[in-house]
Amino acid sequence: MTVRAPYRPPRDRLWFTRTRSATVFVLRELTSVFVAWSVVFLLLLADAVLSGTTREFAALAARPWMIALNVVALAATAFHAVTFLNLAPKATVVRLDGWRVPDWVIQGGNHSAWLVISGLIAYFVLRSS
Amino acid sequence: MKRTLEPYLWLLFSGGGVVAALALPVLVLLFGVLMPLGVVDWPSAGHLTALLDHLLVRLALVVVVVLCLFHAAHRIRFTSEELLGIARFDLVIAVLCYGAAVAGGVTAAVVLL
Amino acid sequence: MIDVLIVGGGGAGLRAALAVAETDPALKVAVVSKVYPMRSHTVSAEGGAAAVIGVGDTLDEHCYDTISGGDWLCDQDAVEAFVAEAPRELIQLEHWGCPWSREADGRVAVRPFGGMKRMRTWYAADKTGFHLLHTLFQTTLKYQDIIRYDEWYVTTLVVDDGRVHGVVALDIRTGRVETIAARTVILATGGGGRVFPFTTNAAIKTGDGMALAYRAGAPLKDMEFVQYHPTGLPFTGILITEAARAEGGWLINKDGYRYLQDYDLGRPTPTPRLRAMELGPRDRLSQAFVHEQRKGRTVDTPYGPVVYLDLRHLGESKIDARIPFVRELCRSYQNLDPATDLIPVRPVVHYMMGGVHTDLDGATTIAGLFAAGETACVSINGANRLGSNSLPEILVFGRRAGVAAAEFARAHRESEPPAVRSQGDDEARRLARTREGSRTGERIADLRERMQHALEGAAGIYRTGDELTKAVDTLADLRERAQEARLEDTSATFNTELINLQELCAMLDVARTVVACALGRQESRGAHQRTDFPARDDETYLAHSLVHRAPDGTPSVGLLPVTITRWPPGERVYGRD
Amino acid sequence: MTDAEQPATIRLEVARYRPEQDSEPVFQGYDVPLMDDWAVLDGLAYVKDRLDGSLSFRWSCRMGICGSCGMNVNGEPRLTCGSFLAEYGDGPIRIEPLKGFPVIRDLVVDIDDFLDKLSSVRPWLIREGEEPPLTAEYAQTPEQLDAYKQYSMCVNCMLCYSACPVYVLDPDFLGPAAIALAQRYNLDSRDMGDRFDVLNLDEAVWGCVFVGDCTRVCPKHVDPAEAIQRYKLTAALRSVLPWSRR
Ligand SMILES: Cc1cc2nc3c(=O)[nH]c(=O)nc-3n(C[C@H](O)[C@H](O)[C@H](O)COP(=O)(O)OP(=O)(O)OC[C@H]3O[C@@H](n4cnc5c(N)ncnc54)[C@H](O)[C@@H]3O)c2cc1C
Ligand code: SF4
Ligand code: F3S
Ligand code: FES
């Protein structure tokens with residue numbers, strides 16, 4: 001009888017479909033593609049503003065496929081924001097006097113900051129129009 | 001001790017993650033969805049130009065762009081390696097991803113400054 | 001050639017290994033263990049470890065509690081050495097990083113424990129053994145020179161001319177049988193609770209070390225003393241630590257009555273009183289359960305009669321702070337929450353006071369062979385061990401055995417005799433034959449169950465001569481049948497069935513010595529209660545039972561007087577002031 | 001249950017790998033009694049005792065503390081002594097060895113690699129100067145104990161490794177439990193050691209992409225994902241501010 005060496009399973013190419021949490025992880029990571037897209041989009045906008053072609057840009061942005069793309073980008077960046085701000089307390093454990101500040105407090109703080117900053121940005125953008 | 005660049009990349013990635021989380025959703029919502037759909041009106045060109053008039057605002061924008069791109073580059077690097085099992089090409093992938101981010105940053109600087 | 005070969009990677013074995021590594025780095029130390037060391041059963045210990053540190057406590061009081069708890073069968077010189085060294089050992093553990101629970105000012109905290117007149121039980125929440133074992137194991141990693149044989153099963157000792165020369169062991173992973181030559185061997189293989197059907201003990205607690213020593217010609221001591229812990233979960237036998245009672249838990253019968261007050265254990269008080277009621281010694285509490293059952297005051301369940309442990313009045317926050325593991329265990333295994341529900345409990349086999357006969361340095365009667373931990377019997381536990389004395393015991397005597405073995409190894413540098421190879425080859429042939437398998441005999445599990453029921457019937461909480469006599473024959477018969485047992489697994493790789501068979505044979509040997517000693521002791525003392533001899537008899541039996549393997553393979557029992565230094569035998573008083 | 005009643009049964013689909021006869025794992029089905037209080041491990045023990053003595057798996061304490069009975073149950077890494085047959089409805093229950101480790105035999109995997117990794121992070125209390133006499137303990141307040149206690153709860157069950165896609169793809173990754181245990185000592189007020197050299201590596205904390213499944217499956221609530229992210233922050237700060245320790 002020959003004794004085989006320990007069995008090493010082949011690589012599982014579809015590992016990210018095996019559990020819900022792995023799929024969520026991959027989705028979370030893939031938001032970064034839309035983060036990149038959003039940045040590109042904003043750069044295009046800034047370029048248009050600075051070169052006085054805002055009107056053309058608005059027309060481009062109003063194309064249905066552009067809107068569709070940006071709706072997805074909105075969902076992705078929002079998903080990114082929620083997950084990223086929720087995970088932050090993992091790296092930054094805050095201790096006051098030996099008492100560990102619970103995760104939800106930090107998360108709540110992060111989300112509040114998000115709201116406030118979003119409000120400020122919206123205010124500055126929309127102020128005079 | 002082995003030197004590693006990862007701590008620096010990770011700081012950029014984390015900073016980018018925070019900036020992207022705080023700033024991007026509302027900008028995409030306004031400029032990418034609500035204005036094109038006509039839910040809110042486009043601000044006047046003058047107002048937008050005025051916004052970008054401050055050097056500080058433009059500098060801040062460059063920083064946001066660079067950080068967000070680094071964030072994206074970092075994640076895309078690791079996720080592609082995990083998803084496709086190509087970690088052995090890490091060096092190439094890293095150069096491509098961060099290279100793209102740097103290129104984006106340079107573009108932003110050229111456009112804005 | 002190994003200088004000190006330690007069989008067992010539990011608390012005792014690892015402590016011994018560290019003792020050798022720290023005292024003489026030039027010596028070659030090896031630890032052989034049938035499971036990875038951090039899986040050893042020490043990991044399950046919950047409640048704590050006793051050692052005198054507090055103001056107001058004295059070594060003498062710890063000695064007295066231990067000796068009276070052991071119904072005066074402890075060797076008092078051993079107890080004195082143990083009590084004196086225990087504090088140092090627990091501090092040593094602390095210096096190695098053990099996360100002991102603390103007082104607000106940063107000192108180590110202590111809790112009360114059964115049979116102890118003072119608060120002296122150190123604890124790491126209710127995972128004391130877990131933290132202790134992992135601290136020891138991780139500390140051994142510091143000594144890269146300690147050789148580890150993880151998942152190797154020792155099948156026999158190599159003994160020639162009254163002197164040990166090593167062991168034969170089976171590499172479970174490959175099936176390879178190897179003779180490991182050594183100048184000294186320390187047995188630290190833990191207890192053998194699995195000889196009984198209902199036990200807190202892990203699957204690996206099969207008394208291997210006792211069987212190894214016994215077959216090699218070393219006597220076992222006080223094997224009739226088997227401790228029943230009063231609070232095990234029905235079905236699984238999972239232990240609900242005594243710490244639950246130390247923190248204020250009550251034992252109540254089906255009428256909600258704290259029945260221990262009927263058994264000379266004092267009057268019930270709302271908060272725990274030391275050495276009284278729920279904090280009485282384990283033998284008395286388990287015996288009280290049997291009387292309650294006979295009076296019809298227990299509750300019947302599919303897994304036998306139970307009483308209840310009531311922790312509800314402690315409140316959620318105290319339970320979570322002091323005994324979180326109890327809550328975790330109740331939730332996962334009993335589907336109840338001790339903060340709001342009663343916990344059903346019944347006595348369960350927990351610990352063997354007996355073991356390989358050794359002196360204060362762990363030396364057995366075979367030159368170069370040492371034993372420490374639950375597998376040994378230095379005689380600090382006597383007829384009944386007090387809770388939280390075992391963890392310090394494995395440390396104190398683990399260290400002592402390590403130091404003594406190192407000394408022996410330094411003094412005996414002769415090379416190995418030819419008998420080593422020949423005995424090794426014989427054993428390898430025997431194992432190879434066994435592994436050829438058999439499709440005909442009885443199942444290992446069937447034989448094991450028969451043995452367990454024979455033992456429970458004859459050597460339970462109460463015993464009679466008649467039943468013990470019957471068990472002698474049953475066990476002898478089972479021992480024969482085990483030779484022909486069915487073995488379906490012929491693989492060399494990780495053949496756990498082959499291991500199970502070796503373990504069954506070890507347990508059968510151990511079981512026979514339990515019954516033989518119980519039959520020989522015609523008195524009642526501590527955990528050994530003979531209904532046909534209900535009184536303690538200091539005249540004849542203030543002595544240890546010493547059991548040898550006779551040439552025909554049967555156990556032969558003799559007596560060895562108890563060492564008394566300062567505490568003459570007296571009455572055991574609990575709860576009466 | 002009386003003898004007359006036919007007990008309900010549940011099917012276990014158990015992965016078998018016998019290196020002498022199988023070139024890769026195959027599944028074998030066994031029907032075991034479906035008892036309310038039986039853990040999956042009790043089902044396996046029933047198989048071994050009554051149906052097929054040749055099935056190999058590890059177990060010992062059957063109370064969730066020795067860490068030896070980890071297996072993949074219906075695709076999830078679990079301690080089989082703490083997972084109950086009744087959780088799985090009518091079955092069948094698929095039981096496989098932990099993913100990510102070489103399979104030695106049936107449900108037994110090779111974890112030696114972890115033990116080497118554990119040693120490499122120096123999981124012991126490091127002190128400087130003379131060892132004080134064994135007369136007094138080092139002081140440590142309950143708050144200081146709390147700072148690392150959670151990370152000291154690891155039973156080395158390897159469920160986290162099995163759940164971590166990074167480890168499964170790249171066995172060089174130091175992995176969750178070893179890093180958590182390094183942090184257990186780093187955060188211990190009595191420890192004076194420095195584990196930066198072994199943790200600040202591409203295949204140590206920087207290998208983790210924060211999937212977080214290690215924490216999800218950990219039966220002892222160690223939260224290794226948190227341990228790793230915290231050390232990332234520590235290591236990053238130390239890299240930019242070289243004078244800061246920890
Ligand atoms: C549930 C429970 C709770 C307890 N709580 C407490 C408590 O609170 N306080 C207290 O003081 N005591 C307690 N005890 C008792 C105490 O835990 C044990 O007595 C003690 O841990 C035994 O340690 P040991 O080192 O002797 O053996 P173990 O820890 O059992 O180690 C035995 C070692 O021997 C090895 N081995 C065995 N046979 C072989 C072989 N043939 N070949 C190779 N290796 C072998 C095993 O692999 C293992 O490594 C408790 C016991 C139980 C069961
Ligand atoms: S961290 Fe948790 S899952 Fe990982 S080995 Fe430790 S106890 Fe197991
Ligand atoms: S699952 Fe793996 S990637 Fe990190 S957070 Fe846990 S180690
Ligand atoms: S058998 Fe010990 S953890 Fe499951």
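Quick note on labels: first sequence line is chain A, next is B, and so on, each numbered from 1. Please read all numbers here as calculations on a predicted model, not as lab measurements.
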Please classify the contact of A:Arg28 with chain B as side chain, backbone, both or neither, using a heavy-atom distance under 4.5 Å. both
Segment of B:Leu84 engaging chain A (4.5 angstrom heavy-atom cut-off): backbone
How long is the gap from CG on A:Leu120 to CG on B:Leu22, to the nearest 0.5 Å? 11.5 Å
Derivation and outcome, side-chain contact (heavy atoms from CB on, under 4.5 Å), residues A:Thr31 and B:Arg75: CA-CA 9 Å; A:Thr31 59; B:Arg75 272 195 165 165; 3.7 Å; yes
Nearest heavy atoms of A:Ala122 and B:Leu30, plus distance in Å: CA-CD1, 3.9 Å
Honestly, the part of B:Thr79 sitting under 4.5 Å from a heavy atom of chain A is side chain
Which pair of non-hydrogen atoms, one from A:Asn70 and one from B:Val28, has the smallest distance, and what is that distance? O-CG1, 3.6 Å
Neighbour count above 12 (heavy atom, 6.0 Å) for B:Leu5 CG: no
Please find the pair of heavy atoms, one from B:Val18 and one from A:Phe84, that lie closest to each other, and give the distance. N-CE2, 3.6 Å
Find the distance between OG (A:Ser32) and CZ (B:Phe13) and round it off to the nearest 0.5 Å. 8.5 Å
Using only atom types and a distance under 3.5 Å, with no angle test, would you say the side chain of A:Trp114 pairs donor to acceptor with the backbone of B:Ala21? yes
Just give me the residue among A:Leu30, A:Thr54, A:Leu14, A:Asp47 that pairs up with chain B most often, heavy atom to heavy atom, under 4.5 Å. A:Asp47
Taken to the nearest 0.5 Å, the spacing of A:Leu74 CG from B:Leu29 CG works out to 5.5 Å
Looking at B:Gly85, B:Cys68, B:Gly17, which one has more heavy-atom pairs under 4.5 Å with chain A than the rest? B:Gly17
Quick check for you: to the nearest 0.5 Å, what is the distance between B:Leu61 atom CG and A:Leu42 atom CG? 8.0 Å
Contact summary for A:Arg11 and B:Glu82, nearest pair of heavy atoms: NH1-O, 4.1 Å
Would you say CZ of A:Arg8 has more than 12 non-hydrogen atoms from neighbouring residues, nucleotides or ligands within 6.0 angstrom? no
Working to the nearest 0.5 Å, report the span between CG of B:Leu69 and OG of A:Ser38. 10.5 Å
Are A:Val39 and B:Val64 close enough, and set up right, to give a side-chain contact (heavy atoms from CB on, under 4.5 Å), and what steps lead you there? CA-CA 9 Å; A:Val39 167; B:Val64 168; 5.7 Å; no
With a 4.5 angstrom heavy-atom cut-off, which part of B:Leu112 approaches chain A: side chain, backbone, both or neither? both
Stepwise side-chain contact (heavy atoms from CB on, under 4.5 Å) test for A:Val125 and B:Met35: CA-CA 12 Å; A:Val125 168; B:Met35 290 175 193; 4.0 Å; yes
Counting distance only, does the side-chain N/O of A:His80 pair as donor-acceptor with the main-chain N or O of B:Ala20 below 3.5 Å? no
Under 4.5 Å heavy-atom distance to chain A, tell me which part of B:Ala50 shows up: side chain, backbone, both or neither. neither
Just how far is it from atom CZ of A:Phe57 to atom CZ of B:Phe31, taken to the nearest 0.5 Å? 8.5 Å
B:Pro36 and A:Ala62 have their tightest heavy-atom pair at CB-CA, 3.9 Å
With chain A as the partner, which of B:Val33, B:Leu51, B:Leu83, B:Leu37 has the greatest number of non-hydrogen pairs under 4.5 Å? B:Leu83
For the interface with chain A, which of B:Ala72, B:Ser80, B:Ala100 has the highest count of heavy-atom pairs at distances below 4.5 Å? B:Ala72
Between A:Ser118 and B:Val26 the two heavy atoms that sit nearest each other are O-CG2, 3.6 Å
